[in-house]
Amino acid sequence: VTRLERPDAQRVAWLLAHAVRNGAAKEVDRAKAGANAAFVEGAAKALTLQDEARRYDESLRRGDGEGEAERLVAAVFAKGA
């Protein structure tokens with residue numbers, strides 16, 4: 001994130017929400033020190049997105065996605081199960 005010129009804080013938030021959901025909360029919190037504004041804003045928002053990130057992940061695993069990319073991800077999950 002720090003290498004991007006103008007990262008979108010909302011996208012950063014989603015990325016970090018999934019990282020936090022998978023056990024990286026401490027690392028995300030530590031990374032805020034000295035990070036750019038988009039990362040700091042995204043990290044703060046990531047905590048509020050936990051439930052929504054969980055629902056989205058479950059939807060992907062069930063194959064409920066509407067887009068082609070989501071269906072592809074569901075197929076990958078299905079092969080790994």
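As the structure is a computational prediction, the values presented were derived from the model and not from experiment.
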Identify each donor-acceptor pair in which a side-chain atom of residues 9-32 lies under 3.5 Å from a protein atom, sequence neighbours left out, and give them as a table.
| from | atom 1 | to | atom 2 | distance (Å) |
| --- | --- | --- | --- | --- |
| N22 | ND2 | H18 | O | 2.8 |
| D29 | OD1 | K32 | NZ | 3.2 |

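Both F39 and L47 sit in one connected hydrophobic cluster of ILVMFWY residues. Membership requires side-chain heavy atoms under 4.5 Å apart, directly or through other members.
With sequence neighbours left out, the side chain to side chain donor-acceptor pair (under 3.5 Å) criterion links D57 to R61. In terms of the salt bridge (charged side-chain N to carboxylate O under 4.0 Å, His left out) criterion, E68 has no residue partners (sequence neighbours excluded).
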